[in-house]
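Below is one structure, written out as structure tokens; comments come after it.
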Amino acid sequence: MDKKTLNERKLIQQDINRVAAMRKKYGAADDKAELDAAFAELKSKAKNVSDNNLSDWVRESLKIATE
């Protein structure tokens, strides 16, 4: 019988627990950094949008999203 690779074997609870622990330990900081980068990009792009072509609803949505 051949030795199975990681992708070929079923996950066991120990694997799931290990991933969950690492996600809990490192995930929040990674998520925050990713969200901060996306928010900075949104604010930058919102500054370059021509206000003339936007509806009142879109204008207000951008205002709320960038506050």
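The analysis underlying the following values was restricted to heavy atoms, covering all of them including side chains, and did not include hydrogens, waters or symmetry mates.
Checked by atom type and distance alone, the side chain of Ser44 never pairs as donor or acceptor with a backbone atom of Ala40 at under 3.5 Å.
Between atom NZ of residue Lys47 and atom CG of residue Leu42 there is a gap of 11.0 Å, rounded to the nearest 0.5 Å. Atom CZ of Arg18 and atom CD1 of Ile12 lie 7.5 Å apart (nearest 0.5 Å).
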